[in-house]
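Inspection log for the structure reproduced underneath, given as structure tokens.
First the proteins, then the strands, lettered A, B, ... as listed; each starts at 1.
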Protein chains: 2
Amino acid sequence: MNDALDVSLRLVRAQTALVKRFDASLSGLHGVSLADFTMLLRLGQAPGGRMRRVDLAEKLGLTASGVTRGLAPLERIGLVTRESDARDGRVAYAALTGTGRERLTDMLATAERIAAEVFAAPLWSKEDIGQFSTLLTRLGGTGLPGHGTPPP
Amino acid sequence: MNDALDVSLRLVRAQTALVKRFDASLSGLHGVSLADFTMLLRLGQAPGGRMRRVDLAEKLGLTASGVTRGLAPLERIGLVTRESDARDGRVAYAALTGTGRERLTDMLATAERIAAEVFAAPLWSKEDIGQFSTLLTRLGGTGLPGHGTPPP
DNA sequence: CACCGATCCTTGACTGCTCAAGCATGCTGA
DNA sequence: TCAGCATGCTTGAGCAGTCAAGGATCGGTG
């Protein structure tokens, strides 16, 4: 088998394990999945804690319908609200609520702790992490700050 | 945000993109998903092209029920058959059929081509790929289920 | 103005996995 | 011997995402 194919399959495998680990802690402590947390995090990074849903989808690498479905439970439990645009009737914003912001702070602390555990010294050095990040970005890390894909 | 958390989220993002790319080509050319292909590949690597289903699950990082569900369509289209163990009535094997082997050869060629495209020079050197593989292995490599799921 | 295509979002039907429960079967030790 | 536990597998219910279709709104053009 190809080295490139081997590394591709390894990547897939490593990701599912990583996601499981985050899901376990986040759902145990905060009742959200990693996907939920990522949605909230991106919202929290946007100015005013709000984004058009279609932009959120692009940021997350989901389809618009994925965002609709993912936000629904977060709206139901009051972490996110829906806002409309005065000028453009098509647009709906997703916005963090006050509670959403508070809860996000806690989730972020948990997520950072898990990540720090996963990439803990002495197995992982700062250089390793930097190198890993570079390689992952090269692979197609769109939607993340600082590495934007210009419009077509 | 943490570097470690950042790299974790990048990993998740990169994987979904990669999977989409493989899925597109594999399903277009061979009518199977990447998950299907990976199942067949692991079967093909096993002696005699057959494995106990529970071992296959472990190899793939799935649950036993995931294997049952994943193999069903492959059995239906005749790439895999079910065999039973003469000594242990509980065990069922999954085995590649002749057709399965042939089709797998083609799929493998496609998958290797895609992987080679993704990790193509000049963006990726052989050393980059090796480094990437090392880091991914460190992260969970061929690891297995039971990655520590604490009680609720 | 009135239409037409593009954009934003939601919904229905589906896939692909999970967990929990259940059914056989096998193994062990009193 | 056989009761009880462990193992292998399947099944029902549910969750998270996809695609395709559809409804609403916007913007440009005749």
Side-chain angles (χ1 to χ4, degrees), chain A residues 12-13 15-17 19-24 26-28 31-39 50-77 80 82-95 151-152, chain B residues 12-13 15-17 19-24 26-28 31-39 50-77 80 82-95 145-147 149 151-152:
Chain A
V12 172
R13 193 80 157 69
Q15 190 253 17
T16 67
V19 169
K20 265 175 203 150
R21 187 150 174 184
F22 276 93
D23 274 343
L26 285 172
S27 93
V32 299
S33 68
L34 176 61
D36 293 333
F37 163 70
T38 309
M39 275 198 174
R50 65 203 288 271
M51 291 179 81
R52 302 189 330 169
R53 301 163 88 90
V54 71
D55 293 336
L56 183 56
E58 207 255 343
K59 211 77 164 168
L60 293 167
L62 297 181
T63 61
S65 88
V67 166
T68 296
R69 307 213 126 104
L71 283 179
L74 300 178
E75 292 170 0
R76 204 179 320 118
I77 62 178
V80 170
R82 159 185 307 266
E83 298 179 358
S84 51
D85 189 312
R87 309 184 192 175
D88 191 335
R90 295 167 300 181
V91 169
Y93 288 84
Chain B
V12 172
R13 193 78 158 70
Q15 190 253 16
T16 68
V19 168
K20 264 175 202 150
R21 187 148 175 189
F22 276 92
D23 274 343
L26 285 171
S27 93
V32 300
S33 68
L34 176 61
D36 293 333
F37 164 70
T38 310
M39 276 198 173
R50 65 203 288 271
M51 292 179 81
R52 302 189 331 168
R53 299 161 89 90
V54 70
D55 294 335
L56 183 56
E58 205 253 355
K59 210 77 163 171
L60 293 167
L62 297 181
T63 61
S65 91
V67 166
T68 296
R69 305 213 127 104
L71 283 179
L74 300 178
E75 292 170 359
R76 205 179 318 117
I77 63 177
V80 170
R82 159 186 307 267
E83 298 180 357
S84 51
D85 189 313
R87 309 185 192 173
D88 191 335
R90 293 168 301 182
V91 170
Y93 288 83
H147 233 12
T149 307

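Under 4.0 angstrom from either OP1 or OP2 of dT10(D) there lies no side-chain N or O belonging to Ser65(B). Neither OP1 nor OP2 of dT7(D) sits under 4.0 Å from any side-chain N or O of Arg52(B).
Ala92(B) comes within 4.0 angstrom of sugar-phosphate atoms only, judged by non-hydrogen atoms across all strands, and of no base.
To the nearest 0.5 Å, the span separating NZ on Lys20(B) from OG1 on Thr16(B) amounts to 5.0 Å. Met51(B) CE to Tyr93(B) OH: the interatomic distance, rounded to the nearest 0.5 Å, is 10.5 Å. Residue Asp85(B) holds its CG atom at 8.5 Å from CZ of Arg52(B), rounded to the nearest 0.5 Å. Rounded to the nearest 0.5 Å, atoms CE (Met39(B)) and CG (Leu71(B)) are 4.5 Å apart.
Here the nucleotide nearest the side chain of Arg53(A), chosen from dC19(C), dT10(C), dT7(C), is dT10(C). Taking every side-chain heavy atom of Thr68(A) into account, dC9(C) is the closest of dC9(C), dC9(D), dG17(D). When the nucleotides dT10(D), dG8(D), dG17(D) are ranked by their closest atom to the side chain of Val91(B), dG8(D) comes out on top. When the nucleotides dC9(D), dT25(D), dT18(C) are ranked by their closest atom to the side chain of Arg82(B), dC9(D) comes out on top. Looking at the side chain of Arg69(A), the nearest of the listed nucleotides dT10(C), dC19(C), dA13(C) is dA13(C).
One interatomic measurement links the two molecules: CG of Asp85(B) to P of dC27(C), which rounds to 10 Å at whole-angstrom precision. Atom P of nucleotide dC17(C) and atom CZ of Arg13(A) are separated by 13 Å, given to the nearest angstrom. In this structure, Gln15(B) atom CD and dA16(D) atom C1' are separated by 14 Å, rounded to whole Å. Atom pair Phe37(A):CZ and dA16(D):P shows a separation of 17 Å (rounding to whole Å applied). One can place CG of Leu62(A) at 16 Å from C1' of dC8(C), the figure rounded to the nearest angstrom. Atom P of nucleotide dT15(C) and atom CG of Leu74(B) are separated by 14 Å, given to the nearest angstrom. As a whole-Å value, the separation of Glu83(A) CD from dC9(C) C1' is 16 Å. For the pair Asp55(B) CG and dT7(D) P, the interatomic distance rounds to 13 Å; values are reported in whole Å.
Mapping Tyr93(B) and Asp36(A) onto DNA chain D by nearest heavy atom places Tyr93(B) at the nucleotide closer to the 5' end. Between Ala86(A) and Arg90(B), the residue anchored closer to the 5' end of DNA chain D is Arg90(B), taking for each the nucleotide with the nearest heavy atom. Remark on DNA chain C: of its neighbouring residues Asp88(A) and Gly66(B), the 5'-side contact belongs to Asp88(A), judged by nearest-heavy-atom nucleotide.
Interface remark: the Ser33(A) side chain does not form any donor-acceptor pair with the dC15(D) base, using a distance-only criterion of under 3.5 Å. Evaluation of atom-type donor-acceptor distances gives no pair under 3.5 Å for the side chain of Arg87(B) against the base of dT25(C).
Across every non-hydrogen atom of Arg82(A) and Ala92(A), the tightest pair is NH1-CB, 3.7 Å.
Between the side chain of Asp36(A) and the backbone N or O of Ser33(A), at least one donor-acceptor pair lies under 3.5 Å.
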